[in-house]
Amino acid sequence: MRKAASGAAPGRPLPRAFYARDPVVVARAVLGRLLVHDSPQGRVSGLIVEAEAYRGADDPASHAYRGRTARNAAMFGEPGHAYVYFTYGMHHCLNLVTGPAGKASAVLVRALEPVEGGELMRERRGTSATARLARGPGNVARALGITRAQDGLDLVGGALWLSDLPPRRGGHRIARGPRIGIRVGLDRDWRCFLEGHPCVSGPAGGTPREGRARGAGRFPAPRLTRP
DNA sequence: TTGATGATTCGCT
DNA sequence: GCGAATCATCAAT
């Protein structure tokens, strides 16, 4: 009985200027914003509740740190485009290209609060727990139906876009912390999320844990033995 | 051409 | 809480 908002306009795409800023600024600015994907199967959308910034050449944790390649080419293009990559042999991750063209900075979308197309997301994810439909970057891509086919898509005027409606944060505060799943650059608090939000990934949901990043003690014998 | 790695997730104990 | 699964991409040879 959900009154699908086919008639109610979910806003318009944010202008390219929104993305043409520092990724840390953009990561914070997208929290509570509506991300929409008009997929062939129908529209799915959700509010971004967690995002991480990656700063290209200045950031050892970024795919772009070692320079431009075929895979990360989208990041070196104009801001306001999608960068989708495949990792761990099973997961796709969705990024928003930010900063000036050539800077290769991006914002990783880590978690969404489902808004529209919940049933379609459940179908794709194979779970009924709403809070987990789009929790974690791999799940975000799966719930939205994002694959490498969406790599390089224009977020301004395409099927995948971010709405200019005012952010809806549901009373949650914006918190910051170290990024997840990386071994370098942990000293930079470039992960932004809505504190206490049930859809946020991580140890205790959206609760910040001080002094200890996830995975900090998980590598007793570092395999990173490059000279 | 080959070997190694990874911005993860899930299931089992 | 911990370890396995799984494959595209990259760098070196």
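Atoms considered below: every heavy atom in the structure, side chains included; atoms not considered: hydrogens, waters and symmetry mates. Every chain is numbered from 1, with letters handed out A, B, ... down the list of sequences.
Ion pairing of A:Asp59 with A:Arg179 is present here, as a side-chain N (NZ or NE/NH1/NH2) and a carboxylate O approach within less than 4.0 Å. With respect to the salt-bridge test (charged N to carboxylate O, under 4.0 angstrom), the residues A:Asp22 and A:Arg55 qualify.
In the set B:dG6, C:dA11, C:dC7, the nucleotide with an atom closest to the side chain of A:Arg66 is C:dA11. For A:Asn95, the listed nucleotide lying nearest its side chain is B:dA7; candidates were C:dA5, B:dT9, B:dA7. Relative to the side chain of A:Tyr85, the nucleotides B:dA7, B:dC10, C:dA11 differ in distance, and B:dA7 lies closest. Side-chain atoms of A:Arg183 lie closest to B:dT5 of the nucleotides C:dA5, B:dT9, B:dT5. Nearest to the side-chain atoms of A:Arg148 among the listed nucleotides B:dA7, B:dT9, C:dA8 stands C:dA8. For A:Ala70, taking side-chain heavy atoms from C-beta onward, the closest of the listed nucleotides C:dA8, B:dA7, C:dC10 is C:dC10.
One can place CD1 of A:Ile182 at 12 Å from C1' of B:dG6, the figure rounded to the nearest angstrom. Across the protein-nucleic acid pair, A:Met90 atom CE and B:dC10 atom P stand 9 Å apart, rounded to whole Å. Whole-Å rounding puts the A:Ile180 CD1 to B:dG6 C1' distance at 16 Å. If you take CZ of A:Arg68 and C1' of C:dT9, they are 16 Å apart, rounded to a whole angstrom. In this structure, A:Arg110 places its CZ atom 11 Å from C1' of B:dT9, rounding to the nearest Å. The CZ atom of A:Arg132 sits 9 Å away from the P atom of B:dC10 (whole-angstrom rounding). One atom, CD of A:Glu50, and another, C1' of B:dT8, lie 13 Å apart when rounded to the nearest Å. We find that OH of A:Tyr65 is positioned 14 Å from P of B:dG6, with the value rounded to whole Å.
For the pair A:Val109 and A:Leu144, the minimum side-chain heavy-atom distance is 4.5 Å or more. Within the 4.5 Å cutoff, no side-chain heavy atoms of A:Arg191 are placed close to those of A:Ile182. When side chains are defined from C-beta on, A:Arg28 does not count as touching A:Trp190, because their heavy atoms never get closer than 4.5 Å.
Here A:Arg71 does not reach the OP1 or OP2 of C:dC7: none of its side-chain N or O atoms lies under 4.0 Å away. For A:Asn72 and C:dT9, the shortest distance from a side-chain N or O to OP1 or OP2 is not below 4.0 Å. Between A:His91 and the phosphate of B:dT9, there is no side-chain N or O to OP1/OP2 separation shorter than 4.0 Å.
Scanning atom types as modelled, no donor and acceptor separated by under 3.5 angstrom connect the side chain of A:Tyr88 and the base of C:dA5.
If you check every strand for non-hydrogen atoms under 4.0 Å, A:Arg125 touches sugar and phosphate atoms only.
Shown are A:Met121, A:Arg125, A:Arg132; of these, the side-chain contact (heavy atoms from CB on, under 4.5 Å) with A:Asn139 is made only by A:Arg125.
With a 3.5 Å ceiling on both atom-pair distances, C:dT6 lacks any Watson-Crick or G-U wobble partner.
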Polar pairs (N or O, both sides) under 3.5 Å between protein and nucleotides 11-13 of chain B?
none

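Under the stacking definition used here (centres under 5.5 Å, planes under 30°), the residue A:Tyr54 qualifies as stacked on the base of B:dA7.
Across every non-hydrogen atom of A:Arg33 and A:Asp164, the tightest pair is NH1-O, 3.6 Å.
Using cut-offs of 30° and 60° on the angle between ring planes, the pair A:His63 and A:Tyr85 is perpendicular.
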